[in-house]
Amino acid sequence: MSVLDVLSVASEAYPLIKTGGLADVVGALPSALAEEGIRVRTLIPGYPTVLAAMDDATETPLPPAVSAQTGLAGRVLAAEIRGLDTLVLDIPELFARNGNPYAGPDGQDWPDNAMRFAALARTAAEIGMDGVAGWTPAIVHAHDWQAGLAPAYLHYRGATRPRTVMTVHNLAFAGKVPLDLREAIALPPEALGVEGVEFYGAISLLKAGLQFADRITTVSPTYATEILTPEGGMGLDGLLRRRAGVLSGILNGIDMQAWDPSSDMMLAARYGPAIMQVRASNKADLQRRMGLDIRPDALLFGVVSRLTWQKGLDMLLEALPTLIAAGAQLAVLGAGDEDIEAGFLAAMAANPGQVGCIVGYHEQLAHAIQAGSDALLVPSRFEPCGLTQLYALRYGSVPVVARVGGLSDTVIDANPMALGAGVATGLQFTPVTAERLAAAISRAADLYADRPTWARMQACGMASDVSWRGPARQYARLYRGLMTAP
Ligand code: ADP
Ligand code: GLC
């Protein structure tokens, strides 16, 4: 099997820079692909946290087209950072900003995001054409809107170019930029129009990728079908239906080393399927940290999430009386919309000892919730894949999820058949309403009361394969197929 070289381009990669699951995927997939004979190098922007993690980098000049497009000084750094073969686009004027990569301290998007991510995509395209320090990829793989222009730039470079793949992690983020920036981001006039990159009076960087990539993937088979419908297509379903022949859904996996309860140093106590008694100390630790009553027998629900409309947690606030009446507990870690944050903080004040909420972003606490909760709630209105339910499966927290997108592909609902066959790993509910969520919470409470059944579900979840092995094989097949396609 010959080695195939792929340039992956994205704005996030765990552990260097992360706002969500995109970072987890971009950071973990390359090592799984190495097993399949795919050599991946990952291009990301030189945010301060990224530069701080690098030592021993080799430096190459910016590709001339990138200097010309941005008018700025910079360089491309190459280094292995924590096992990831990384190329870093260091243009301080664009990326030397602390905090959230997309928005300033006032929470508003940076006004020059179009220029910033056009520079990222252009660099990927130029490396695709001319290589970097003697290495030229056969495929450029762009992730989400921040990299969406890369396939478009390559499309306009003609036939002798690398093949391109566009992966959609979330269709809701279209990467809209003003139409009058077309020239500044170096798209030709013919790129405009609805058959091009135009999207409701703006340019969509994501649409650019979807329009021009040789292959489109998204992060679960169910989401791949949902985005073909007007309900799930976010205005791009027409384009996606037209390109359905090159669209596929490949489920995400998880980093089995970073998320392993038997070796996770972020936990109070380590455990595995054979030593589940130890898990109780993680539960007590979580209850203490969240200000909850230390009750070993209370059903403890966890949430680790961005607090946005997508994640449906406003419905959890509505369903809360059911959870409280069942004598259960809730531990929420998240940040996002002020209303939802305020709602959980108020719920905590109103239900001391039963509801705990920490607003903010804490990697370690995210692990502690997976290891200490009995069940993990994911009531998303839509979910391309979702990673927290996969972490929950591995950590023996039973996922209670909305039956949408990747959530429906990864959790086996505890219906009577599945319970009878001993294959259930969690609970699903549909339609995605506060009422059905409340009913699922009640159903979880009933199941929890039957401890042997609950333990069986935990064991099944922990035994399910959530690794990157299968998905990496599918990406490898897609890449190799693309190389032999006419
Ligand atoms: P999305 O990418 O849509 O936010 P995913 O489930 O794919 O959803 O990935 C979310 C990732 O971000 C997971 O790794 C999860 O643990 C992490 N995460 C979300 N919110 C927080 C938080 N407040 N603190 C720490 N980690 C978080
Ligand atoms: C997006 C999606 C999430 C997915 C993640 C990684 O942020 O919202 O469902 O798991 O990307 O692919």
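When a ligand or atom number is given, it counts from 1 through the structure's own listing order. Position 1 is the first residue of the sequence; numbering continues from there.
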Query raised in the report: Considering only heavy atoms of V25, which atoms of ligand 2 have at least one such atom less than 4.0 Å away?
Result: 6 (C), 12 (O)

**Report entry** ligand 2 atoms in contact with G386 (distance to a heavy atom under 4.0 Å)
**Finding:** 3 (C), 4 (C), 9 (O), 10 (O)

Requested in this report: Say whether Y391 and ligand 1 are in contact under the criterion: heavy-atom distance to a ligand atom below 4.0 Å.
Outcome: yes

**Report entry** Any K18 heavy atom less than 4.0 Å from ligand 1
**Finding:** yes

Query raised in the report: Quick one: which of N170, L149, L171 gives a side-chain contact (heavy atoms from CB on, under 4.5 Å) with L206?
Result: L171

Report task. Just let me know how N252 lines up against ligand 2, side chain, backbone, both or neither, with a heavy-atom cut-off below 4.0 Å. Result -> side chain

Report task. With heavy atoms under 4.0 Å as the rule, classify the contact between P384 and ligand 1 as side chain, backbone, both or neither. Result -> neither

Query raised in the report: Which residue holds the protein heavy atom closest to atom 2 (C) of ligand 2, what is that atom called, and what is the gap in Å?
Result: H169 O, 3.1 Å

Query raised in the report: Does ligand 1 have an atom under 4.0 Å from some heavy atom of G334?
Result: yes

Report task. For atom CZ of R436, decide whether the heavy atoms of other residues, nucleotides or ligands shown that lie under 6.0 angstrom number more than 12. Result -> no

**Report entry** Close N or O approach (G20, ligand 1; < 3.5 Å)
**Finding:** no

Report summary line: In short, salt bridge (Lys or Arg N to Asp or Glu O under 4.0 Å) pairs touching residues 336-361 with sequence neighbours left out are none

Query raised in the report: What's the shortest distance from atom 1 (P) of ligand 1 to any protein heavy atom, and which residue and atom give it?
Result: K311 NZ, 3.5 Å

Query raised in the report: Can you check whether H362 has an N/O within less than 3.5 Å of an N/O in ligand 1?
Result: yes

Query raised in the report: At a non-hydrogen distance cut-off of under 4.0 Å, which region of L22 contacts ligand 2 (side chain, backbone, both, or neither)?
Result: backbone

**Report entry** Q389 contact mode with ligand 1 (heavy-atom cut-off under 4.0 Å)
**Finding:** neither

Requested in this report: Looking only at protein heavy atoms, identify the closest one to atom 22 (C) of ligand 1 and say how far it is in Å.
Outcome: Y361 CD1, 3.5 Å

Query raised in the report: Going by the ring-ring contact (aromatic ring centres under 6.0 Å, His included) test, which pairs reach into residues 202-234, not counting sequence neighbours?
Result: H155-F212, Y156-F212

Query raised in the report: Under 3.5 Å, is there a donor-acceptor pair between the side chain of S204 and the main chain of A174?
Result: yes

Query raised in the report: Is there a heavy atom of G360 sitting under 4.0 angstrom from any atom of ligand 1?
Result: yes

Query raised in the report: Quick one: does A366 get an N or O within less than 3.5 Å of an N or O on ligand 1?
Result: no

Query raised in the report: Out of T388, L407, D24, I254, whose heavy atom sits nearest atom 15 (C) of ligand 1?
Result: T388

**Report entry** ligand 1 contact by Q370, heavy-atom criterion under 4.0 angstrom
**Finding:** no

Query raised in the report: Nearest to atom 6 (O) of ligand 1, what protein heavy atom do you find, and at what distance?
Result: L387 N, 2.8 Å

Query raised in the report: Would you find a donor on one side and an acceptor on the other, under 3.5 Å apart, between the side chain of T86 and the backbone of L84?
Result: yes

Query raised in the report: Taking N or O atoms only and a 3.5 Å limit, does N170 qualify as a polar contact for ligand 1?
Result: no

Query - Closest contact, heavy atoms only, D144 versus H169 - result: OD1-N, 2.7 Å

